Amino acid sequence: MAYPVVAIVGRPNVGKSTLFNKIVGEKVAIVENTPGVTRDRLYRETSWNGRTFALVDTGGIERKADDPIFKYMRTQTELAVEMADVIVFMTDVTAGVTADDREVSKMMQKSGKPVIPVVNKVDGVGTLPAEFYEFYELGFDNDLIALSSVHGSGTGDLLDKIVELLPDAGENEEQDDFIKVAVIGKPNAGKSSIINRILGENRLIVSDVAGTTRDAVDTRKENEYGKYIFIDTAGIRRQSRIEDRIEKYSVLRAKMAVERAQVCLIMIDAAEGVTEQDEKIAGLAHEAGKASVIVVNKWDAVEKNNGSVKKFTEEVYRHLAYMSYAPVIFVSAKTGLRVEKLYELINRVDMQHAMRVTTGMLNDLLSDAVARVQPPSDKGRYLKLYYMVQTSTRPPEFVVFCNNSELFHFSYQRYIENRLRETFGFEGTPIRLIIRQKGDNAQNV
Ligand code: GDP
Ligand code: GDP
């Protein structure tokens, strides 16, 4: 399931992260204990009135000390305009309307994206302060919402408005037979080149930020393999080369693309090997529960012998140990080597991502697994596994009921996961196991 993206934009210190925390609160999605993957606070899935969306705090983009505020805000705004379905533009009633607020408001309005202007730090109860009304000069279509991020007042109105402006679920459905593919990777890995190769030369070139639309970034492709929408995270980089070098910025952009996708192509530059930034970016796809293919690009540019593929594959899995489920393919965007093969892989992992296994088969697997390797015990207490069901797909999620979740150690969970993979495949997709102790609430692991 791909969720719409809602981005919060605004000057430093207006209260963006306070609002973000207020809204996502404890409703944090499943957090996995993935070594090497850190979850920062920029981005969370959240639900309101039955609609789920991904909330992004663009304030998480690092601001270099010597960067003027306007430049920083322009970066946030470009990103939001490019990737978000709804923008929440936050101002601060105690600071009044600033010149920067006016400038970025214009950018947002030109983009045509729905914007909800919010005035934060309206802490008092009762009538609104006169200063609040000054913000109407920014001229947005939607009414101003008065907010106190600290107290939480106004957040209900804001969430109602967000949900009202989200794209219709029905609109997305019409594209449901398209597989959405995010092409992610560090700058220069070859994302644009591979998309150009896939689409031929006649793709849309994005001209300027104000005119950037979702369609210009997403490109459709229909062929004998299927129907695809490629989400290009290189997008507007041509116009904002410098900003894109800020790592947080490219990571945040990758996050938004991943959220909207079913399948991620994780591009790695063969000439450079697997780097820390690759680990981080691959971690986003894993954490978001998406299907993945690891695409080692520029294979034309490295010196090879018979063992090169094997050696590089080992290097990939050494660095991306949590992603041993993802297939690796060696391509060249430049020469076209194996680029056609990508479609088959995308189709394969997409199917595995959506696969559902019957409870009967799962319980056969469970009793077989328990018979082969005895479950852990501690001081005379034995772990008993009662039964297992698959509770969702994309990614496949399983709930295992047991007598004592403390005894269900990570290593035994890993064993069960491995049995699932050996038996059913699940190639290219993460698997989530939820341990539930009889008579207990669910515990995510
Ligand atoms: P960000 O830089 O936009 O993410 O801003 P923060 O969320 O870090 O908030 C900046 C400062 O404003 C912090 O000291 C917050 O406690 C304060 N703040 C945030 N929201 C409110 C609010 O609604 N009322 C008041 N009085 N202070 C707030
Ligand atoms: P992006 O930043 O990930 O979009 O990367 P680009 O597609 O802009 O490519 C970065 C650089 O790598 C460009 O100079 C490309 O010509 C080069 N490049 C991309 N793919 C290949 C490839 O398969 N082989 C070689 N030798 N160079 C490539």
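Being a predicted model, the structure only gives us computed values, none of them experimental. Just so you know, ligand 1 is whichever comes first in the structure, and atom 1 is the first atom listed for that ligand. This chain uses plain numbering: 1 for the first residue, then up along the sequence.
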Looking only at heavy atoms, which two atoms of [X] and [Y] are closest? And how far apart?
X      : Y      : value
Glu279 : Tyr322 : O-OH, 2.7 Å
Asp85  : Pro114 : O-CG, 3.2 Å
Val181 : Ala261 : C-CB, 4.3 Å
Ala189 : Asn297 : O-ND2, 3.0 Å

Return the residue, atom name and 0.1 Å-rounded distance of the protein heavy atom closest to [atom].
atom                    : result
atom 20 (N) of ligand 1 : Asn120 ND2, 3.1 Å
atom 4 (O) of ligand 1  : Ser17 N, 2.8 Å
atom 25 (C) of ligand 1 : Asp123 OD2, 3.3 Å
atom 23 (O) of ligand 1 : Ser149 N, 2.8 Å
atom 18 (N) of ligand 1 : Lys121 CE, 3.7 Å

Should the heavy atoms of other residues, nucleotides or ligands under 6.0 Å from [atom1] of [X] be counted, would the total exceed 12?
X      : atom1 : result
Met355 : CE    : yes
Asp141 : CG    : no
Glu276 : CD    : no

Protein heavy-atom contact under 4.0 Å for atom 13 (C) of ligand 1? no

Sub-4.0 Å heavy-atom contact, Ala189 with ligand 2: yes

With Arg220 as the cation and Phe178 as the aromatic partner, state whether NZ or CZ is under 6.0 Å from the six-membered ring centre and within 45° of the axis. yes

Hey, looking at atom 5 (O) of ligand 2, which of Gly190, Pro187, Ala333, Ser193 has the closest heavy atom? Gly190

Of Thr18, Val119, Asn13, the one whose closest heavy atom lies nearest atom 15 (C) of ligand 1 is Thr18

What about [X]: any of its N or O atoms under 3.5 Å from an N or O on ligand 1?
X      : answer
Val150 : yes
Gly15  : yes
Asp57  : no

Using 30° and 60° as the class limits, which term best fits the ring planes of [X] and [Y]: parallel, tilted or perpendicular?
X      : Y      : answer
Tyr343 : Tyr228 : tilted
Phe330 : Trp299 : tilted
Phe426 : Phe424 : perpendicular

Would Gly10 count as a contact of ligand 1 if the rule is a heavy atom under 4.0 Å away? no

Could you list which atoms of ligand 1 come closer than 4.0 Å to a heavy atom of [X]?
X      : result
Ser148 : 23 (O)
Arg11  : 3 (O)
Lys16  : 1 (P), 2 (O), 3 (O), 4 (O), 5 (O), 7 (O)
Pro12  : 2 (O)

Polar contact flag, side-chain donor to acceptor under 3.5 angstrom, Tyr225-Glu340: yes

Kindly determine whether Glu397 and Thr391 satisfy side chain to side chain donor-acceptor pair (under 3.5 Å), including the steps that lead there. CA-CA 6 Å; Glu397 178 187 273; Thr391 45; 2.7 Å; yes

Distance under 4.0 Å to a non-hydrogen atom of Ala301: what atoms of ligand 2 satisfy this? 26 (N)

Which of the ligand 2 atoms, numbered from 1, are nearer than 4.0 Å to a heavy atom of Asp300: 22 (C), 23 (O), 24 (N), 25 (C), 26 (N)

Val14 and ligand 1 - part of the residue with a heavy-atom distance under 4.0 Å: both

Where's the contact between Thr94 and ligand 1, heavy-atom distance under 4.0 Å: side chain, backbone, both or neither? neither

Ser192 N/O under 3.5 Å from ligand 2 N/O: yes

